> 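Submitted below is the structure of interest, expressed as structure tokens.
Note that the structure is a prediction, hence the values are computed from the model and not measured. Naming: A, B, ... by sequence-line order, numbering from 1 per chain.
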Protein chains: 2
Amino acid sequence: MNSMSDFRIPGITIYRLGMYARSLERFLQEGRDLISSEELARACGVNPAQLRKDLSYFGQFGVRGVGYSAQTLLKSIRRILGTDREWPMVLAGVGHLGHALLSYEILTRRGFKFVAAFDVDPAKIGKVVNDIYVYAMEQLPYIVREHRVEIGVIATPCDAAQEVADSFIREGIKGIVNFAPTSIKHPPNVVVEQSDMTILFDKIAYYLLRLD
Amino acid sequence: MNSMSDFRIPGITIYRLGMYARSLERFLQEGRDLISSEELARACGVNPAQLRKDLSYFGQFGVRGVGYSAQTLLKSIRRILGTDREWPMVLAGVGHLGHALLSYEILTRRGFKFVAAFDVDPAKIGKVVNDIYVYAMEQLPYIVREHRVEIGVIATPCDAAQEVADSFIREGIKGIVNFAPTSIKHPPNVVVEQSDMTILFDKIAYYLLRLD
DNA sequence: TTTTTTAGGTTATTATATGAACAGCATGTC
DNA sequence: GACATGCTGTTCATATAATAACCTAAAAAA
């Protein structure tokens with residue numbers, strides 16, 4: 001079970017690797033390096049055994065009796081996740097959320113770079129947001145080819161999301177992050193991550209009703 | 001296991017209830033009402049058996065041999081989730097994401113209403129975004145008491161998130177939605193939902209690297 | 001009516017994820 | 001250099017979740 005190419009690693013482990021990476025970045029910023037599974041796990045709100053197990057899917061990164069070097073571990077996690085390189089992305093939907101994404105500096109720092117944005121609103125087309133030009137959807141094929149775009153981000157209203165996803169897929173984009181609160185149908189060779197904020201609020205409401 | 005107050009219902013079931021609700025809303029908008037577990041489940045990308053099981057935690061909502069009434073089921077799910085009432089909320093952090101949240105109409109439609117926003121930037125204090133006034137953080141206690149605020153939303157930078165959460169908790173807010181990419185420490189009688197967009201991108205990168 | 005069909009509810013099985021316990025290696029100490 | 005200590009890597013038991021199979025009720029057809 002130690003091969004990096006093993007596909008049977010739980011998705012939630014991948015998710016937590018991202019959490020660990022973020023935590024390690026902050027830890028390094030504070031000028032420290034040596035960190036134990038205990039400390040890193042607590043910072044992420046998980047069990048230390050789970051952290052060690054998550055890492056063990058991919059190899060051995062610590063030193064027994066000592067702990068982990070934050071720098072080394074971060075580098076390893078980045079290699080595992082693929083965040084040690086740049087990922088050119090396009091955005092569809094330059095509304096408020098789209099604006100937020102285009103300006104989200106933490107994405108850029110991790111190598112996720114928007115090379116272009118798209119919208120159907122003529123008032124938005126031609127504008128520049130955070131150095132990123134807003135095109136009409138028709139320009140998508142050209143841009144994708146030109147910049148070898150691999151990730152498409154959807155921040156459109158619900159009812160446009162599937163259509164945009166289909167366009168992305170048609171142009172060969174294999175990774176989609178969807179912020180529209182609707183689930184996207186897609187072939188198995190395309191990876192889609194959904195993020196539905198509205199459901200977070202539903203969950204909060206549910207648990208608030210039942211506190212005590 | 002059929003009591004609505006049973007706390008041992010999996011969190012992921014609650015999450016899916018939110019998905020079902022959204023799907024049902026769209027279904028009703030198309031003017032239809034009768035829907036089978038098969039159709040609803042497929043629209044949400046889940047297994048029909050899972051949908052039926054999720055619902056069975058809370059009672060019986062369908063008619064055997066027939067299906068569900070979308071309207072009735074939606075009403076039931078809303079009562080379960082607590083989205084059949086209004087939830088007054090406050091926002092901390094009026095950056096791009098904060099703006100997006102204040103303008104997110106789908107939240108309002110579901111009863112989640114921002115009554116005030118807060119920021120530390122003097123340039124933002126006093127502004128009005130989508131009819132919502134931006135206050136200095138010092139005003140928090142007064143606003144929370146005045147509007148009986150039950151949910152606090154964090155859209156600040158990482159390093160301010162914990163401090164804001166502590167303020168929320170100090171004022172008696174029991175539900176927090178955190179969009180800052182850091183995990184919030186909180187007592188057990190406070191409910192926190194985290195949403196970290198950056199990790200979605202990490203996951204996409206991971207799976208893109210391993211396609212084929 | 002009786003039969004057949006349909007689709008929800010329920011139980012059983014399988015798969016997955018978590019947490020605790022322990023084995024094993026590096027470091028520091030006497 | 002032997003020994004004690006500390007923290008990782010790994011295994012295993014438990015808990016949780018997903019799927020499949022089955023049972024039952026309602027509606028439609030014969």
Side-chain angles (χ1 to χ4, degrees), chain A residues 1-4 6-20 23-24 27 32-74 76-77 80 183 203, chain B residues 1-4 6-20 23-24 27 32-74 76-77 80 183 203:
Chain A
M1 310 305 138
N2 270 350
S3 160
M4 267 187 56
D6 190 331
F7 244 95
R8 305 195 48 71
I9 292 161
I12 191 144
T13 288
I14 308 308
Y15 183 87
R16 282 191 298 256
L17 286 184
M19 294 178 49
Y20 304 150
S23 218
L24 288 168
F27 195 75
R32 298 184 56 193
D33 190 63
L34 185 68
I35 189 168
S36 68
S37 63
E38 171 82 33
E39 187 171 6
L40 179 54
R42 206 175 34 229
C44 300
V46 306
N47 185 301
Q50 186 158 73
L51 159 56
R52 296 200 296 272
K53 178 138 196 219
D54 285 338
L55 294 177
S56 79
Y57 284 116
F58 299 97
Q60 305 190 170
F61 304 98
V63 180
R64 293 179 192 215
V66 180
Y68 301 93
S69 154
Q71 193 155 58
T72 309
L73 181 55
L74 179 55
S76 301
I77 292 179
I80 293 165
S183 62
K203 277 188 79 178
Chain B
M1 306 302 136
N2 271 351
S3 158
M4 269 187 53
D6 191 331
F7 245 94
R8 305 194 44 71
I9 292 159
I12 192 142
T13 288
I14 307 309
Y15 182 88
R16 282 192 297 259
L17 287 184
M19 294 178 49
Y20 304 150
S23 217
L24 288 168
F27 194 76
R32 300 183 56 193
D33 190 63
L34 186 67
I35 189 168
S36 68
S37 62
E38 172 82 34
E39 186 171 7
L40 179 54
R42 206 175 33 230
C44 300
V46 306
N47 185 302
Q50 187 159 73
L51 159 56
R52 296 201 296 271
K53 181 146 194 213
D54 285 338
L55 294 177
S56 79
Y57 284 116
F58 300 97
Q60 305 189 172
F61 304 98
V63 181
R64 295 179 192 215
V66 180
Y68 301 93
S69 155
Q71 192 156 60
T72 309
L73 181 55
L74 178 56
S76 301
I77 292 180
I80 293 166
S183 62
K203 278 186 79 178

> Which parts of residues 61-72 of chain A get close to DNA chain C, meaning a heavy atom less than 4.0 angstrom away?
A:Val63, A:Arg64, A:Val66

> Distance check: side-chain N/O of A:Gln60 vs OP1/OP2 of D:dT10, anything under 4.0 Å?
yes

> What are the two closest heavy atoms between B:Ser23 and B:Ala43, and how far apart are they?
OG-CB, 3.5 Å

> What are the two closest heavy atoms between A:Glu39 and A:Phe27, and how far apart are they?
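Reported closest heavy-atom pair: OE2-CE1, 3.6 Å.
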
> Output the distance between atom CZ (A:Arg42) and atom OG (A:Ser36), rounded to the nearest 0.5 Å.
7.5 Å

> C:dA17 P sits how many Å from A:Ile14 CD1, rounded?
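Value for this atom pair: 11 Å.
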
> For the residue pair B:Ala49 and B:Asn47, what are the closest heavy atoms and their distance?
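Reported closest heavy-atom pair: N-OD1, 2.7 Å.
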
> Say you draw a straight line from CG of A:Leu73 to CG of A:Leu17; how long is it, rounded to the nearest 0.5 Å?
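With rounding to 0.5 Å, CG (A:Leu73) is 9.0 Å from CG (A:Leu17).
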
> Roughly how far apart are A:Leu55 CG and A:Arg16 CZ, rounded to 0.5 Å?
10.5 Å

> Is A:Ser37 near enough to D:dT8 that one of its side-chain N or O atoms lies under 4.0 angstrom from OP1 or OP2?
yes

> Of all the heavy-atom pairs spanning A:Leu51 and A:Ala41, show the shortest one and how long it is.
CD2-N, 3.7 Å

> Rounding to an integer number of Å, can you tell me how far B:Leu40 CG sits from C:dG8 P?
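In whole Å, C:dG8 P and B:Leu40 CG are 10 Å from each other.
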
> Below 3.5 Å between N/O atoms, which protein atoms pair up with nucleotides 16-19 of chain D? Just atom names and distances, please.
residue: D:dT16; atom: OP2; partner: B:Arg8; partner atom: NH2; Å: 3.0
residue: D:dA18; atom: OP1; partner: B:Arg16; partner atom: NH1; Å: 3.4
residue: D:dA18; atom: OP2; partner: B:Arg16; partner atom: NH1; Å: 3.4
residue: D:dA18; atom: OP2; partner: B:Arg16; partner atom: NH2; Å: 3.0
residue: D:dA18; atom: OP2; partner: B:Gln50; partner atom: NE2; Å: 3.4
residue: D:dA18; atom: O5'; partner: B:Gln50; partner atom: NE2; Å: 3.2

> Please name the pair of heavy atoms, one in B:Cys44 and one in B:Met19, separated by the smallest distance, quoted to 0.1 Å.
O-CE, 3.0 Å

> To the nearest Å, how far apart are A:Leu55 CG and D:dG9 P?
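Rounded to whole Å, this separation is 7 Å.
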
> To the nearest Å, how far apart are B:Leu34 CG and D:dA28 P?
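Spelled out: CG on B:Leu34 to P on D:dA28 is 11 Å.
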
> Starting at CZ of A:Arg52 and ending at C1' of C:dG19, how long is that distance when rounded to a whole Å?
10 Å

> Return the value, rounded to whole Å, for the distance between atom CG of B:Leu73 and atom C1' of C:dG8.
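My rounded result for the distance is 12 Å.
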
> Under 4.0 Å from OP1 or OP2 of C:dG9: is there any side-chain N or O of B:Ser56 that close?
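Checking C:dG9 against B:Ser56, no side-chain N or O comes under 4.0 Å of OP1 or OP2.
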
> Could you verify whether a donor N or O on one side chain and an acceptor N or O on the other, from B:Asp33 and B:Tyr68, lie under 3.5 Å apart?
no

